[in-house]
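These notes are about the structure you will find just below.
Just the heavy atoms: all of them, side chains too, but no hydrogens, waters or symmetry mates, feed the values below. Letters A, B, ... mirror the listed sequences (proteins, then strands); counts begin at 1. Here the structure is a predicted model, which means the values were calculated and not measured.
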Amino acid sequence: MSDVEAYRERARAWLESVAPRFGRAARAGLSEEEDLALGRAYLKGRFAAGYSGINWPVEYGGQGLSPIEKVAFDSEEMAFGMPTAYFSISLGMPVPIIMRFCEDKAWVRERVHKALTGEEIWCQLFSEPAGGSDLAGLRTRAETDGNGWKINGQKLWTSWAQYSDYGVIVVRTDPTVPKHKGLTYFWVDMKAPGVTVRPIKLAGGDSHVNEVFFDDVKIGDDHRMSPVGGGFAVAMATLMIERYVATDSAGFGPRLDLFVALAEAAEINGRPAIEDGRIRQQIARNYAMRNSLDAITARAMTMMQAGMEPGPEGSLNKLVSVRSRQKLSELAIDLQGATGLHFDAHAPVKQDWGASWINAPTGRIAGGADEMLLNTIAEKILGLPQDHRPDKGVPFNRIPA
Amino acid sequence: MSDVEAYRERARAWLESVAPRFGRAARAGLSEEEDLALGRAYLKGRFAAGYSGINWPVEYGGQGLSPIEKVAFDSEEMAFGMPTAYFSISLGMPVPIIMRFCEDKAWVRERVHKALTGEEIWCQLFSEPAGGSDLAGLRTRAETDGNGWKINGQKLWTSWAQYSDYGVIVVRTDPTVPKHKGLTYFWVDMKAPGVTVRPIKLAGGDSHVNEVFFDDVKIGDDHRMSPVGGGFAVAMATLMIERYVATDSAGFGPRLDLFVALAEAAEINGRPAIEDGRIRQQIARNYAMRNSLDAITARAMTMMQAGMEPGPEGSLNKLVSVRSRQKLSELAIDLQGATGLHFDAHAPVKQDWGASWINAPTGRIAGGADEMLLNTIAEKILGLPQDHRPDKGVPFNRIPA
Amino acid sequence: MSILYDEGQQAIASESRRILEAHVTTEALLPLLETRDAIFEPFWTIAKEQGWTAVALPEAYGGLGLGLVELGLVSHQAGRSLSGAPFLTASFGAARAILDHGDEALKQRWLPVLAAGEAIGAVAFIEGQRVIGGGLAFEDGKLRGTKSAVTGGTRAGVAIVTARDGDEMILAVAELADVERRPIESFDNSRCAADLVFAETPAIELLRGSVAEAAAVHILALQAVVTAHEQTGGAEKLLETARDYALTRRAFGQPIGAFQSVKHRIAEIYALVELARAGAVHAASRAGQDDFIAAAAAARIQATDGYDTAARDCVQIHGGIGVTWEAGLHLHMRRARSLAVEQGNLFFWEDVLVDRLREKAA
Amino acid sequence: MSILYDEGQQAIASESRRILEAHVTTEALLPLLETRDAIFEPFWTIAKEQGWTAVALPEAYGGLGLGLVELGLVSHQAGRSLSGAPFLTASFGAARAILDHGDEALKQRWLPVLAAGEAIGAVAFIEGQRVIGGGLAFEDGKLRGTKSAVTGGTRAGVAIVTARDGDEMILAVAELADVERRPIESFDNSRCAADLVFAETPAIELLRGSVAEAAAVHILALQAVVTAHEQTGGAEKLLETARDYALTRRAFGQPIGAFQSVKHRIAEIYALVELARAGAVHAASRAGQDDFIAAAAAARIQATDGYDTAARDCVQIHGGIGVTWEAGLHLHMRRARSLAVEQGNLFFWEDVLVDRLREKAA
């Protein structure tokens with residue numbers, strides 16, 4: 001057994017030991033506030049057990065291990081349905097980025113500790129109403145204000161902002177230069193005067209994303225994390241920071257086993273559904289696709305363990321898996337017939353076909369819409385030309401709105 | 001029974017009466033030369049029976065009826081597999097366009113008569129090697145030469161040029177203006193010195209399209225059918241001239257009955273294929289789609305009979321039907337198992353799944369590739385923006401090759 | 001052969017559209033998702049006032065004496081506006097069953113009140129995954145057992161049911177006054193779905209044996225054609241929404257509709273809408289003909305796939321906005337799915353269609 | 001868990017690629033379509049010289065003692081170059097059957113000559129639509145009946161067949177010297193498919209009953225994994241061809257690869273290629289394990305869909321050029337289809353896979 005396998009087994013054992021207190025069953029029926037509180041408690045325990053900041057530097061309270069152990073742990077943890085969603089962005093991007101770009105190391109150490117133990121949560125204030133896929137097109141502005149800055153504008157789709165203590169933000173500091181060049185990167189106190197968070201309810205009924213309004217929010221220049229006008233590069237670094245994340249060939253929806261079990265129990269026009277070619281075809285095709293995605297992930301892990309750089313095909317996982325999950329979830333509703341109409345908006349997405357279906361479109365858009373992913377594959381991997389972008393090189397304040 | 005129905009019945013009766021001599025069975029095993037000769041004989045008979053030039057003016061030898069009768073006849077004729085392919089372009093576009101744009105009416109009358117009786121064939125010299133979907137990007141040029149013109153260049157995908165007596169052609173007469181504006185429209189004698197026709201073999205093994213080379217081909221200015229520089233408009237008129245054509249919801253491939261019959265006879269893993277959900281699904285989905293296309297066609301006919309302009313949804317037929325035919329043909333090969341490997345490249349496309357499959361890609365490209373059809377729907381019907389076209393307004397000789 | 005709408009039919013379409021556009025808002029529809037048995041009440045009031053409940057029933061019983069084509073036109077508009085309480089389709093299905101298979105007393109009892117919208121009808125065939133279930137027991141004129149997720153079941157006063165008497169399929173009609181209704185928490189609650197628990201509920205037998213089965217398929221087919229119009233209306237609205245958004249929303253300095261991925265996706269939705277429309281209208285025009293069931297099945301398949309795909313793709317084109325509660329595009333996602341399941345899923349209709357094609361070929 | 005190729009494996013890949021790219025041209029392949037029983041002879045010469053015929057057979061019988069992974073690497077390159085005479089896969093399948101189920105005499109008789117490429121093997125299971133047919137009669141050590149469209153059947157010297165003795169399935173091996181071969185006119189003639197007519201042909205029984213059936217599936221699975229590599233190679237080549245064309249071909253003043261309809265289609269082909277590759281390599285690495293059949297079926301499904309789709313879409317991207325004889329993209333269309341049918345169509349493998357998943361769940 002390799003070291004990683006041994007690590008994985010120890011992690012699983014620990015997870016099993018705490019699952020009764022924090023796992024899916026323990027969370028059933030909790031209000032979001034109760035669940036968040038449970039999540040903070042879980043993070044505290046996870047930190048104590050040495051499974052937090054697995055690949056972060058020891059000097060910041062991390063474990064100093066490689067991304068391999070991190071991905072191994074995350075993959076195992078995913079199966080238990082622990083209350084970690086509230087902290088996923090926080091620990092995924094903003095906190096690693098302050099470790100890298102903030103100069104006040106003592107302050108950073110305190111933030112990292114509190115983030116790892118679930119006491120504080122960070123959010124990432126990038127997207128805007130006019131933005132969508134076009135990050136550099138953002139309009140929220142910061143103007144100089146004495147020695148510091150004054151922020152005005154509106155961010156959108158900010159995950160968990162309603163529970164966040166801090167955030168990292170990209171704003172426009174110069175509208176007279178082309179759009180990529182007029183941006184600067186800061187951190188902000190989400191409790192500061194002038195910051196208003198308004199949760200946005202999503203199609204499935206949940207509200208984990210928010211609008212965040214900035215109304216003359218004043219910050220010192222020590223909040224600045226990039227050169228003035230150099231914010232786009234730090235924003236890109238933020239988006240690239242999680243190179244190696246736990247993937248899920250089920251598209252973060254139910255496992256195929258559950259579909260097979262459903263098909264075993266269901267019938268189509270009086271005959272067992274599992275014997276119907278339509279169902280068999282979908283099971284087989286989805287199995288083949290997921291089997292390949294899993295093999296890609298396994299190969300990436302093997303390469304990382306061998307000190308090699310994994311191939312770009314790892315980027316296929318979200319595109320392929322979430323899109324298929326959407327259709328498979330629809331099919332599962334059909335297959336259940338009248339029973340398929342039953343719905344629990346708060347059922348676990350990885351267990352319930354209805355919840356999986358209603359939330360699948362969010363998955364296809366968040367973290368890079370299908371179309372953006374295809375563009376990235378075409379341009380970055382295959383070297384095809386960039387799309388026509390009429391705003392290229394045009395001063396931001398001269399792009400027609 | 002409506003007049004059109006009565007007309008259709010008479011037409012069918014006539015077609016049945018001549019089918020033994022000209023129909024699918026009579027053609028089996030003929031060489032292409034023999035088949036062409038049979039086609040000329042069929043056209044002669046069809047002219048005598050009064051079913052040629054159905055919606056053309058009586059003064060030119062047509063029947064002076066409406067497009068409704070024409071479409072009715074063509075739909076009936078399609079079922080018999082008559083040897084009409086050689087004349088389809090000729091009578092579809094070039095000949096109607098000379099009726100409209102040539103001034104020497106006596107000459108036109110002679111040409112029309114010979115085209116209708118199958119004695120002469122016309123081709124349409126539009127596409128070029130560098131052209132593809134971009135008609136206005138053509139490079140074949142005509143320079144003034146005394147009182148006339150001298151043509152040099154190369155055309156591609158010219159259907160039946162190898163049998164053609166005449167052709168209509170668009171050439172560039174001014175490379176210094178934007179690409180749409182430097183074109184002029186002529187007719188040419190395909191037997192003239194300097195014209196070389198070279199058949200292009202297609203994927204299925206047949207050669208109905210050609211390369212045509214023009215090497216100092218001299219023509220008089222009386223061959224000109226558009227103002228100098230006004231050729232694009234006549235080219236567009238040529239492409240628009242056949243507004244109402246007989247459609248085929250089978251995508252010019254085999255009817256669905258044949259797939260059902262195949263499925264009735266075949267088995268999948270020891271069970272009747274027709275009872276397998278995978279097959280049932282494809283039959284049902286294809287039936288539904290074709291049923292809708294047929295309903296669209298029927299509605300268009302009804303509207304025409306009522307003197308109304310049919311809706312734009314008629315343009316869906318080729319896009320939807322040929323694309324589906326391609327996949328259904330592949331499936332039919334699979335369904336036949338080992339038998340599916342048997343192949344006759346010259347089998348009738350509407351009868352044979354292998355021939356249908358190998359020729360389907362040509363159908364998806366000829367007469368407007370899928371992507372161009374989608375663009376047309378998006379722009380012309382739905383009002384969405386045109387694609388970015390960097391060559392727009394740029395003088396032709398300054399567009400990078 | 002298809003049909004052209006005459007002036008009267010065009011007036012039904014434009015008038016129903018005008019009224020519904022004036023009354024229905026996304027804001028009014030969203031709260032219905034979060035409570036059971038709530039419908040957009042103005043729709044039902046309008047439906048009664050406008051005579052939509054009476055459209056396809058004979059004048060002799062208080063109807064307007066029109067047919068599937070006209071009811072389809074109204075249903076199309078209900079689909080566009082998402083307002084449609086399910087009763088328009090369900091009451092029609094129930095009424096047609098009584099009209100076709102009931103005796104005069106039964107017709108007099110139910111048709112006038114159904115036509116007036118004073119009573120609501122339901123077609124309660126489904127049992128779990130059986131689209132036409134026969135698990136309900138029929139004995140000595142009484143029903144015992146459960147029908148699941150009956151559309152409109154929370155409010156219906158009368159239901160057409162399939163049941164079983166020994167080995168024989170029974171088509172029967174039952175008054176629901178004393179039946180236990182268990183409203184279902186669904187993703188589209190205004191469909192008013194409920195499990196109906198029959199306990200020695202008196203019922204009147206309409207048909208028995210193979211004719212009962214054939215009649216059940218026919219009733220579903222009638223409803224499927226009405227529903228296909230509703231699905232087409234929904235898909236059409238999504239097409240327009242997607243197009244309008246693609247024209248106004250800008251990214252990278254141009255309307256997103258200039259990107260071929262968006263542009264072609266919308267063109268494909270157009271294709272699906274027109275195919276759905278053609279299939280639905282064609283099926284409506286075939287009422288009473290030999291090929292009606294096949295035409296209805298084809299229409300059902302095309303419209304179901306069309307509405308599901310249009311919902312999926314229109315949401316995708318909208319990016320983040322598309323998945324917000326407030327924008328309400330999920331109302332279409334939900335309706336597309338509830339309509340896909342209600343009248344029998346695609347598996348059911350694919351099998352019905354293939355069986356018909358085989359019979360025709362044989 | 002997947003594998004990383006070691007240096008030796010990488011050398012097999014790069015060397016086989018180098019050699020094939022140096023020898024194979026489209027011009028040489030096209031005429032093969034128009035005659036029966038013609039292969040690209042240099043390929044087979046190279047295959048023997050390079051020891052590809054010996055790759056996955058034990059050293060004791062003249063093989064190189066490597067496995068599915070290495071044979072897959074060669075097959076991938078054969079797929080890229082379209083050169084692959086079918087014997088590489090078929091001889092391997094036949095040899096493995098003899099190796100796994102034959103006695104020592106049989107092994108000595110066939111394995112060394114198969115490894116050297118001096119004899120060609122065939123796996124003749126298919127009968128019409130039955131992927132594993134049992135219509136061939138086996139009686140007193142003799143075979144009677146016909147196997148249809150046997151890949152490599154025009155030239156094979158030995159075949160593994162399924163047959164029937166009364167109610168029992170038999171797996172047997174037969175020398176083909178005296179068997180009548182009826183070459184098939186196919187859309188991919190260099191596959192050398194022929195109907196084999198057995199008339200009292202002596203055969204040696206290898207297995208009988210359910211173990212014979214299981215062994216037949218296992219032999220097909222081994223071949224399917226080799227074929228999945230070949231299909232992946234073909235799809236990979238199409239991906240590169242499409243990309244290169246999209247970069248150089250211009251329309252409306254820009255490379256057509258700047259149009260999203262083309263660009264995204266190519267990105268989707270990339271996804272299919274990588275999924276096919278991952279599935280094929282994974283399956284090869286599972287040889288001998290419990291989950292091998294499931295992994296092989298999954299690889300087969302992914303690679304078949306991937307190659308078919310890549311062929312369809314690459315041709316479409318090429319416009320008119322794509323459908324010319326000379327450009328030769330139809331060679332891939334044809335190969336995609338012949339490989340899709342040869343080792344059992346997708347219906348077969350879907351059913352095999354689902355049955356395995358059910359067993360696993362039960």
Side-chain angles (χ1 to χ4, degrees), chain B residues 2 5 256-261 263-264 274-277 279-303 305-306 308 311-317 319-320 323 370-371 373-388, chain C residues 1-4 239-240 242-244 246-247 254-260 262-283 285-286 291 294-295 297-306 346-347 349-358 360-362:
Chain B
S2 75
E5 287 308 304
L256 199 60
D257 309 5
L258 294 177
F259 191 88
V260 174
E264 291 278 6
I274 190 76
E275 288 172 16
D276 189 288
I279 298 303
R280 296 173 84 82
Q281 182 167 54
Q282 290 310 313
I283 291 173
R285 299 284 175 110
N286 276 280
Y287 180 88
M289 182 267 288
R290 293 173 180 206
N291 171 69
S292 285
L293 289 176
D294 289 339
I296 286 173
T297 302
R299 185 167 55 189
M301 293 289 290
T302 311
M303 291 182 83
Q305 287 174 36
M308 298 158 73
E313 65 276 9
S315 63
L316 294 172
N317 194 87
L319 173 69
V320 172
R323 201 162 59 177
D370 288 4
E371 294 74 17
L373 299 176
L374 287 168
N375 262 5
T376 304
I377 291 168
E379 294 170 17
K380 300 284 150 87
I381 303 179
L382 303 173
L384 288 165
Q386 207 187 30
D387 290 339
H388 172 60
Chain C
M1 202 58 156
S2 194
I3 54 157
L4 300 185
L239 168 65
E240 293 168 16
R243 182 202 50 201
D244 293 349
L247 284 170
Q254 62 182 7
I256 61 169
F259 291 101
Q260 274 188 342
V262 173
K263 185 173 168 176
H264 287 188
R265 204 188 281 271
I266 297 174
E268 298 278 10
I269 301 176
Y270 170 78
L272 291 172
V273 170
E274 292 307 326
L275 292 172
R277 187 198 316 280
V281 176
H282 175 70
S285 78
R286 301 305 298 163
D291 62 356
R300 168 70 173 161
I301 291 165
Q302 200 61 47
T304 302
D305 180 47
L346 287 184
F347 303 124
W349 288 107
E350 286 165 0
D351 284 349
V352 166
L353 179 52
V354 172
D355 289 342
R356 297 276 150 173
L357 297 177
R358 293 182 72 182
K360 200 180 119 197

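For the set B:Arg290, B:Glu275, B:Met303, the entry with the most heavy-atom pairs within less than 4.5 Å of chain C is B:Met303. The residue among B:Leu373, B:Asn291, B:Ile377, B:Leu382 with the most heavy atom pairs within less than 4.5 Å of chain C is B:Leu382.
The parts of B:Leu293 that come within reach of chain C are both its backbone and its side chain, each placing non-hydrogen atoms under 4.5 angstrom from that chain. Using a 4.5 Å cut-off between heavy atoms, B:Ala306 touches chain C through its side chain atoms alone. Only the side chain of C:Leu353 comes within contact range of chain B, with at least one heavy atom under 4.5 Å from a heavy atom of that chain. When heavy atoms are compared at a cutoff of 4.5 Å, C:Asp305 approaches chain B solely by way of its side chain, counted from C-beta outward. In this structure, chain C has heavy atoms under 4.5 Å from both the backbone and the side chain of B:Glu371.
Put simply, the side chain of B:Thr302 does not reach to within 4.5 Å of the side chain of C:Ile3, judged on heavy atoms. Residues C:Leu346 and B:Gln281 fail the side-chain proximity criterion, which asks for heavy atoms closer than 4.5 Å. Between B:Pro385 and C:Leu247, the closest side-chain pair of non-hydrogen atoms falls below 4.5 Å. A heavy-atom distance below 4.5 Å is not found between the side chains of C:Lys263 and B:Leu374. Put simply, the side chain of B:Pro312 reaches to within 4.5 Å of the side chain of C:Tyr270, judged on heavy atoms. Residues B:Tyr287 and C:Val354 have side chains not in contact (no heavy-atom distance under 4.5 Å, counting atoms from C-beta outward).
Taken to the nearest 0.5 Å, the CZ atom of C:Arg358 stands 8.5 Å off from the CD1 atom of B:Ile283. Here the CZ-CH2 distance, from B:Arg285 to C:Trp349, works out to 14.5 Å after rounding to the nearest 0.5 Å. Distance check: B:Arg280 CZ to C:Leu357 CG gives 9.5 Å after rounding to the nearest 0.5 Å. One finds the CD1 atom of B:Ile381 at 13.5 Å from the CD1 atom of C:Ile266 (value rounded to the nearest 0.5 Å). Atom CD1 of B:Ile296 sits about 6.0 Å away from atom CD of C:Glu274, to the nearest 0.5 Å. To the nearest 0.5 Å, the span separating CD on C:Gln302 from CE on B:Met289 amounts to 7.5 Å.
B:Thr297 pairs by the side chain to side chain donor-acceptor pair (under 3.5 Å) definition with B:Thr247, not counting sequence neighbours.
B:Asn375 and C:His264 share a donor-acceptor pair across their side chains, judged by distance under 3.5 Å alone.
Nearest heavy-atom pair across C:Ala298 and B:Ala288 is O-CB, 3.4 Å.
Salt bridge B:Glu313/C:Arg277: absent, no basic N to carboxylate O contact under 4.0 Å. B:Arg323 has a carboxylate O that lies under 4.0 Å from a charged side-chain N of C:Glu268, or vice versa, which qualifies the two as a salt bridge.
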